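Below: the structure, in structure tokens.
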Amino acid sequence: MKFSRRSALAGLASLTVASPLRAEQVDIAKQLREIMVASRSRFDAAMFELNKVAGPELISPLIFAMRFSPNPYPTIVDLLEKITGEKVGDTWHDWMLWQEAHPEFTPHPAYIDMKRDLYLRIDPYFDVFLKPEHLQPDRMKIRFEEMTWGGVRKDGIPSLDNPIQVAADAPEAEYLLDEDLVFGVAVNGDIRAYPLRIMGWHEMFNDVVGGVPLAMAYCTLCGSGILFETQIDGYEEPFSFGSSGFLYRSNKLMYDRGTNSLWNQFTGRPVSGELVDSGIELRQRPIAIAPWGDWKRRNPDTKVITLRTGFSRDYGSGVVYNEYFSSPDLMFPALVNQEKLRQKDYVFGVRTFGGAKAWALKAFEGSAVINDIVADLPIVIIGDAASRTVRAYERGDLSFAADVSDDELSANDQTWKITEEALRGPDGTLKPRVAGHIAYWFAWDGYLGAKSELVGG
């Protein structure tokens, strides 16, 4: 459920600052509180005082106020332009992009409490993510200045935990159209389908497939569904994840229910909280997007989740996030280099130890077969741009080509069977699947662009 700007502003007049501040800073902290209250006269008076002490430490608090202050913010823009000497734009979105490009500026000490107090008025349960000791710059792997509210409360986008699943030919699976896309997962012969029309409302599942505890983090804003193993060496129980309600550069921040640490969905690493220095990086597992009709033809023994999720949502085909998916624009600010691809062009990305590479989805038009190398790992990639279906496999010293059947490849005049977990040779030799996933270009470029190659841009 999304909340209005008005609900987020309720009670702002009593904002308090908990951290001790030096005497010469008290007035600035007070004025920063004042620009967040409803009274226009108090807002104007506070802006007058802040103009007297204009300095770079005010940039982040002023940008934050642009989004949440109940008063019109032309005067905030004027002060930002005075401090920076730049005309950036008239919106919070404009200035958030500017802030991302300028990490050299440190916010005023009152900023953490100003932001924390506002978020706790939106949802008191955010407190588990916003412990002051976890928000210090040297305790976070991301900039708190760029951590934004996504419009929902904690678990406002509820995960699906061990959802009910049935066979593909069961009556409860008849709600699916053949053209509906599903996330397909196969582990140790256990094959599952998680329709995007359902997962778009939940953005996370925690499940056990083939005896392996897994979580899929689906960032609808990033266009990426990433499958992670959740049993970590040294931890007795598997991690279980939910959606925090916060974003970073238009990417969801998930959290683990054991420590309430925040995690970057795209990297599988904790970015704040108790686990921030743990060194954990979740291992990825292969996942594919495919039309339901094609998935069940290739995998007749698949199971699929039902509409009995325990939540009331419109799970209709093409309903969830339809406007966002059909728009070229981002919903939340994130810098992106669009010289090679547009920000919401799809790519298929593979990360291995020591390297990463992405292929523009358009490279798979006409159901292409691509032989390539990521770091030192030779792989073959089979894709279909129209359905966003892409799979990657190790290939050793072989070079593969398309065969007569869509379910087969050829190499050295031999036919190899395409399965979800491996390529199977005529003598039973297996070439295992390689983990990879689809994403919008802005997300891949934002987190891996400097460390990754791009093919087909």
Side-chain angles (χ1 to χ4, degrees), residues 5-85 88 92 95-96 98-100 102-140 142-149 246 248 262 272-273:
R5 186 169 179 268
R6 179 175 297 176
S7 68
L9 297 170
L12 284 176
S14 58
L15 283 175
T16 60
V17 174
S19 299
L21 299 171
R22 299 194 307 270
E24 65 268 28
Q25 295 174 324
V26 171
D27 285 345
I28 294 178
K30 176 184 177 182
Q31 304 315 324
L32 291 177
R33 293 198 304 272
E34 291 288 274
I35 65 173
M36 300 294 286
V37 301
S39 167
R40 181 60 185 269
S41 61
R42 290 169 62 185
F43 171 84
D44 289 342
M47 289 301 300
F48 179 80
E49 293 299 320
L50 289 173
N51 264 276
K52 295 179 181 178
V53 292
E57 72 278 4
L58 297 182
I59 293 173
S60 293
L62 290 171
I63 292 173
F64 181 72
M66 286 182 72
R67 186 179 183 194
F68 290 106
S69 174
N71 290 290
Y73 49 72
T75 53
I76 296 180
V77 173
D78 290 343
L79 182 49
L80 283 169
E81 291 177 351
K82 174 182 175 180
I83 295 169
T84 65
V88 173
W92 170 76
W95 282 97
M96 282 293 290
W98 186 93
Q99 180 172 242
E100 181 180 340
H102 291 82
E104 67 270 24
F105 296 112
T106 301
H108 187 274
Y111 174 69
I112 290 177
D113 294 295
M114 172 191 186
K115 192 169 182 176
R116 181 179 183 273
D117 285 351
L118 183 280
Y119 285 153
L120 293 185
R121 292 180 183 279
I122 293 173
D123 183 2
Y125 291 105
F126 283 157
D127 180 64
V128 296
F129 310 132
L130 301 176
K131 301 297 183 183
E133 63 270 24
H134 293 155
L135 301 179
Q136 303 304 317
D138 61 348
R139 293 290 300 153
M140 297 188 75
I142 58 176
R143 294 175 70 202
F144 186 51
E145 301 93 291
E146 296 181 52
M147 182 174 146
T148 63
W149 180 48
F246 290 107
Y248 181 72
L262 293 176
S272 75

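Along the sequence shown, residues carry numbers from 1. Quick caveat, the model's predicted, so the values are computed rather than measured.
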Closest approach of [X] to [Y] (non-hydrogen atoms, all atoms of both residues):
X	Y	answer
Glu34	Ala46	CB-CB, 3.4 Å
His108	Leu32	ND1-CD1, 4.3 Å
Arg40	Pro72	NH1-CD, 3.7 Å
Tyr73	Trp92	OH-N, 4.3 Å

Listed by chain and number, what are the side chain to side chain donor-acceptor pair (under 3.5 Å) partners of [X], not counting sequence neighbours?
X	result
Trp98	Glu86
Arg143	Glu145, Glu146
Tyr248	none
Asp127	Arg116, Lys131

Donor-acceptor contact below 3.5 Å, side chain Lys115 vs main chain Met147: yes
Asn71 side chain to Arg42 backbone, donor-acceptor under 3.5 Å: no
Would you indicate whether the side-chain heavy atoms of [Y] and [X] approach each other to under 4.5 Å?
X	Y	value
Phe43	Met36	no
Ile76	Leu80	yes
His134	Leu262	no

To the nearest 0.5 angstrom, please state how far the [atom1] atom of [X] sits from the [atom2] atom of [Y].
X	Y	atom1	atom2	answer
Arg33	Asp113	CZ	CG	10.0 Å
Met140	Ser272	CE	OG	4.5 Å
Ile122	Leu118	CD1	CG	5.0 Å
Phe129	Asp123	CZ	CG	8.5 Å

Output a table of donor-acceptor pairs, distance under 3.5 Å, between side-chain atoms of residues 51-64 and any protein atom two or more places apart or on a different chain; print 'none' if there are none.
from  : atom 1 : to    : atom 2 : distance (Å)
Asn51 : ND2    : Met47 : O      : 2.9
Lys52 : NZ     : Glu49 : OE2    : 3.3
Ser60 : OG     : Gln99 : OE1    : 2.5

Tyr125 atom OH, neighbour heavy-atom count above 12 within 6.0 Å: no
Plane angle bin for Tyr111 and Phe144 - parallel if under 30°, tilted between 30 and 60°, otherwise perpendicular: perpendicular
Sequence neighbours excluded - salt bridge (Lys or Arg N to Asp or Glu O under 4.0 Å) pairs with any residue from residues 69-82: Glu81-Lys87
Distance flag, aromatic centroids of Tyr119 and Phe246, threshold under 6.0 Å: yes
